[in-house]
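Proteins come first, then strands; the chains are lettered A, B, ... in the order of their sequence lines, and each starts at number 1. Everything numeric here is computed off the predicted structure, so don't read it as measured data.
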Protein chains: 2
Amino acid sequence: MSHKDAPPIKAPLTLKDGVDFAIIEHLFFAYRDFTSDPDAILAEYGFGRAHHRVLHFVNRRPGLTVAELLDVLRITKQSLARVLKQLIDDEYIVQVQGPRDRRQRELYPTQKGRDLALALALPQSRRIRAALEEAQLADSAVVERFLRAMVDPELRAQMDKLPNGRSQ
Amino acid sequence: MSHKDAPPIKAPLTLKDGVDFAIIEHLFFAYRDFTSDPDAILAEYGFGRAHHRVLHFVNRRPGLTVAELLDVLRITKQSLARVLKQLIDDEYIVQVQGPRDRRQRELYPTQKGRDLALALALPQSRRIRAALEEAQLADSAVVERFLRAMVDPELRAQMDKLPNGRSQ
DNA sequence: GAAAATATGTCAATAAGGCTGACATAAATT
DNA sequence: AATTTATGTCAGCCTTATTGACATATTTTC
C-alpha cells in the first residue's frame, strides 16, 4: 500500500482552481434527491426511471410518435422497446395508428397512465415549491432561465414543443 | 391496437394540474447535458460516471475513508469496489493506511488523478458560467441556494463537509 | 407499377452500474 | 478472550443502456 507508488496529494481541490465546485456538487445532490421521490413510487409498480421518463413525455405530449419519443429521450429504439412494451401491456399507454401515415404509432396515456404520471410528478413539484420558498424566490423564472441556459442550444427546441414552453 | 382497450387521453398534462412541469423538465434536460461533458472524456479512458464520482470526491476530500465515501455516494461497498479497484490499479487514486485506526484506508488522488478530476470539472464549470451569464445572474448565490434547498435536510450536512461549504 | 426509403418491431449479444448475501481478514474495542 | 468494526472479495442477479441484423407495413420516388 503506497510503497513506491505515485505520492498522495493531500490538499483538497478547491475553487482556487477556477472551477465552480459548489454548483457542480449542488446539482449532483439536488438531482439525486429529486429523482428519489418518484423512484420510491415506481418500485411499487415494478417500474424504473426509464418507465417514468416515457410515461412523463407521453402525458405531456399525447399523440407523439415512437420516433419523436426516441428523439426526446435520446435513447435507442431497442432501449425504448422494452419499457414501452411493459407500459402498453399494463395499460398505462395505448398506441393508435397514425391518421395520415399509418406506419406511425401515436402514443397516448390511458386514465391509469395519466394518474400515475401525476402521482410521480407531485412529490417532485412539492420539493420544488418548498425549495423555492426556502430559497426565498418569489417566482421560479430565475431558476428556470438558468436551467434552460444549461441545456445545449440545439436541444432547446425540443423543450419548446412541450406545453407552456416558449411556443405558448 | 386500441379496439376495446382503455381509451386514449388526448389532452396534454399541463400546469393546470398544479404541478410545476417546467422546472421538472428543465432539471431533466439540464442535468443530462451537464453530465454529457465529462461522459465524453471518461469514455476515452474506459471509465464511466461511477469513476467520475469517486474521483471527484476523493479530490475534494483527500484522505476520506472508504466508509465515508460510501456514505457520500450512497452506494454499496460492492458497487464501489469495482470502480475503486480500477482507479487504484490505474494509479489515479492511492490508499494509505489510517494513522489512528489502521483498519481504515484513506483515499488520496495522485497527480494523475488530480489532473483528470480537474479536466472533468472544467467543461462543467464552463457550462455553468455560460449559463449564469446567459441568464443574467451576476452571482451564483441564488441558484446555489435553490439547489441546496432541493436536497433532503439530513443530507445537507454531507455537503458542508466539502471545502467552501458552510463550514468554511 | 417497381424500387427505394421510412416507421416500427424484434432478436441476439454485450456492457455499465447498481443490488443482495455470504464470507474472510485485520485491527480495535469491550 | 470475545465481539465489533473497516475493509475486501466472491458469486449471482437486475435494470438500463448499447450495437448490429433483420422483418414488415407503408409511403414516397422514379
Take atom CD in Glu154(A); do more than 12 heavy atoms of anything else shown fall under 6.0 Å from it? yes

Under a 3.5 Å distance rule, please check whether Lys77(B) uses its side chain to pair with a backbone N or O of Val66(B) as donor and acceptor. no

Position toward the 5' end of DNA chain D (nearest nucleotide), Leu84(B) or Ile75(A): Leu84(B)

Is the backbone N or O of His52(B) less than 3.5 Å from a side-chain atom of His56(B), with the two atoms forming a donor-acceptor pair by type? no

Donor-acceptor pair, distance only, cut-off 3.5 Å: does the side chain of Arg105(A) make one with the backbone of Arg103(A)? yes

OP1 or OP2 of dG8(D) less than 4.0 angstrom from a side-chain nitrogen or oxygen of Gln95(B), does that happen here? yes

OP1, OP2 of dA26(C) versus side-chain N and O of Arg102(B): anything below 4.0 Å? no

Hey, would you say the Tyr92(B) and Phe47(B) ring centroids sit under 6.0 Å apart? yes

Gap separating the CD atom of Gln158(A) from the CG atom of Leu73(A), nearest 0.5 angstrom: 9.0 Å

Which part of the nucleic acid, if any, lies within contact of Lys85(A), taking any heavy atom under 4.0 Å across all strands shown: a base, the sugar-phosphate backbone alone, or nothing? nothing

Spacing of Arg100(A) atom CZ relative to dT8(C) atom C1', expressed in whole Å: 18 Å

Euclidean distance, atom CG of residue Leu70(B) to atom P of dT5(D) [Å, nearest integer]: 16 Å

One should read off an interatomic distance between Leu132(B) CG and Asp20(A) CG, to the nearest 0.5 angstrom, of 7.0 Å

What pairs of nitrogen or oxygen atoms, one from the protein and one from nucleotides 15-17 of chain C, lie under 3.5 Å apart?
{"residue": "dG17(C)", "atom": "OP1", "partner": "Arg49(B)", "partner atom": "N", "Å": "2.9"}

Residue pairs passing the salt bridge (Lys or Arg N to Asp or Glu O under 4.0 Å) test with at least one member in residues 34-50 of chain A, sequence neighbours excluded, are Asp37(A)-Arg127(A), Asp39(A)-Arg49(A)

Roughly how many Å is it from CG in Leu73(A) to P in dT16(D), rounded to a whole number? 13 Å

Does Gln78(A) make a side-chain N or O approach to OP1 or OP2 of dA21(D) shorter than 4.0 Å? no

Using a cutoff of under 3.5 Å, can you pull out all pairs of nitrogen or oxygen atoms linking the protein to nucleotides 4-7 of chain C, with atom names and distances?
{"residue": "dT6(C)", "atom": "O2", "partner": "Arg103(A)", "partner atom": "NH1", "Å": "2.4"}

